[in-house]
Amino acid sequence: MSLRITVIGTGYLGATHAAAMAELGFEVLGLDVVKEKVELLSAGRVPMYEPGLEELLRKHVAGVEGSSGRLRFTTDWDEVADFGDVHFVCVNTPQKHGEYGCDMSYVDAAIDTLAPRLDRPCLVVGKSTVPVGSAARLARRLAELAPAGAQAELAWNPEFLREGFAVEDTLRPDRIVVGVASERAEKVLREVYAAPLDSGTPFVVADYPTAELVKTAANAFLATKISFINAMAEICEAAGGDVVKLAEAIGYDDRIGKKFLRAGVGFGGGCLPKDIRAFMARAGELGADQALTFLREVDSINMRRRAHMVELAREACGETFLGRRIAVLGAAFKPDSDDVRDSPALNVAGQIHLQGGQVTVYDPKGMENARRVFPTLSYAASAEDALRGADIVLHLTEWPEFRALDPGRLAQVVSRPHLIDGRNTLDPVPWRAAGWTFRAMGRPAA
Ligand code: UGA
C-alpha cells in the first residue's frame, strides 16, 4: 500500500509540499494550528500569492469539483498521527525577537504535540530551516515521547524552494538532500521521492548535521554572492564604473556564473537575512564564530544598500524630503510574491516617510500585506496613480509590469521626471530619451 503523508504547518513551504505530494500520487493530510487557514485551504484557496499553487491545490483538494480528492486539511493532531506513515514538519523558524538566533518554538511544539500520539512505525521528516544540531536533539525528544519508541524515527530533509517558483521547485527540485540515521529512513524517503529520483534528480544522503548545514550554507552562499556584487556596485559608484556590465562580464566565467549577481537594494524576505544571522549565532554557540564573521560583513553590505537608496533619493530631492512626493514602485521583497517580510522596498519607503517625505506605494500583489505592516504610507491602485505628481520615482521591486511602463506617457504624469532604479532591471535608454533623469545603483549617472 502506498505511504500516507501528513504535512504539519501550511505556510509557503507546507502548503506547496502538501499539494506536490498529492500531485505525486500520495494521500495527504495537512495540519495547521490556524483554523482559518485550514478552512481556506480546504476550500481550495491559498492564503498567499504563489503562482500555480492554487491550481495545483484545487487539482487535489477533496471537495473541489473534479479534484483527485487526495488532499485534505485538518487542525486535529490525533487524526494526523493516526493517518500518517510519513510526517513532514514544515513550520516556520523566524528570527528571535531582539536576537540573531532562530526561534525553534514552533518546531519544538510540533514535535512535542505529535510525538506522544505516535503509536505505530512512522518517519517524522523535518523540512524547516533549523540550527545545526537540532535534528539530533529532536530525535532524542521523539524517542523519549513516542509510544512507538524506536519505530518512530526522525529524518531531516531541507527545502530549497524559492518563493515565486515554489511549485516548480517542489515538483522538479534540483537536488534532494536527506539527513538520516538509518537505512530504513533512507528507504522510506526514496519511496516518497521515487518520481523525481526516476527522472534523474540527484539524491544526497547525509547525516543529520550535514543535511541541516547544506541548507544554511546554501543560503549563506547566495547572500554572499548578492552582497559581493553590491560591494562591487559601491566601488563602481566611487570609480565611475558600471556594475551591470561588470556582472555580465564576470558571469561569462562559468565558475562564477551569471545568477544572483544583480546589484541593487539587496536581499530581503523571510529567509536569507534571518538565516545568515541564525547561522552566525549557532556558530558562536559551537565555538566556531570566527568561521562566519564574514557574514556580518555580508549583512552590513546588504543593509547599507537600503540606506544608500534613501541617500540617493534625498539627494535627488534637493537634500530634504520635506514637502516632496516620492513614488515607490514595489513593496514585496521580490517579484511574483506578495511577501513583504524584511522587504528592502518597504524598508526604504518607511525610512523616507519617517524623514518627512510623502510616500505613495504601488505593488501588483503585495499591497494588502504592506498596508498591514506600514499603515501610515499611502497606497495607490496602479503604478500611474502612484506616480501622479511625484518629485521622484523609486523602482524597488522588479515586477515585469514595471518594465512595460511607458516613460513618455509617465513623464506627463509626474511633477519631475526623475527615476532611480534600485533593481537594475529597467533599460535607461527609453527613459532618458523620454526626458527622464535616470539613475541606477552602481551605474554611471548619465
Ligand atoms: C531563498 C533561496 O533562494 C531558496 O533556495 C531557499 O529555499 C529560500 O530562500 C528559503 O530558505 O526558504 P527566497 O527567499 O524565496 O529564496 O528568495 P530569493 O530568490 O533567494 O531572493 C532573495 C532576495 O535576494 C530577494 O529580495 C531578491 O530580490 C534578492 N536578490 C536576488 C538580489 O538582490 N539580487 C540577485 O541577484 C538575486
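Counting starts at 1 for both ligands and their atoms, in listed order. As a basis for the values below, the full set of heavy atoms in this structure was taken, side chains included, without hydrogen atoms, waters or symmetry mates. Numbers here simply count residues along the sequence, with the first being 1.
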Using the test salt bridge (charged side-chain N to carboxylate O under 4.0 Å, His left out), find all partners of Arg172 that sit at least two apart in sequence or belong to another chain.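 Applying salt bridge (charged side-chain N to carboxylate O under 4.0 Å, His left out) to Arg172 gives Glu168.
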Set of side-chain hydrogen bond (donor to acceptor under 3.5 Å, both in side chains) partners for Arg439, sequence neighbours left out: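 With neighbours one apart ignored, the set is empty.
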side-chain hydrogen bond (donor to acceptor under 3.5 Å, both in side chains) involving Ser105 - partner list, sequence neighbours excluded: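 Listed in chain order: Asp103.
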Which protein residues come within less than 4.0 angstrom of ligand 1, counting heavy atoms only?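 Protein residues near ligand 1 are Glu159, Phe160, Leu161, Arg162, Glu163, Lys215, Asn219, Leu222, Ile226, Phe260, Leu261, Arg262, Gly266, Phe267, Gly268, Cys271, Leu272, Asp275, Phe333, Lys334, Arg423.
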Do NZ/NE/NH1/NH2 and the carboxylate oxygens of Arg432 and Asp427 come within less than 4.0 Å?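 No.
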Please determine whether a side-chain nitrogen of the Lys or Arg among Lys127 and Glu159 lies less than 4.0 Å from a carboxylate oxygen of the Asp or Glu.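 Salt bridge flag = yes for Glu159 with Lys127.
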Using the six-membered ring wherever Trp is involved, compare the ring planes of Trp431 and Phe438 and label them parallel, tilted or perpendicular (cut-offs 30° and 60°).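 Rings of Trp431 and Phe438: tilted, 30 to 60°.
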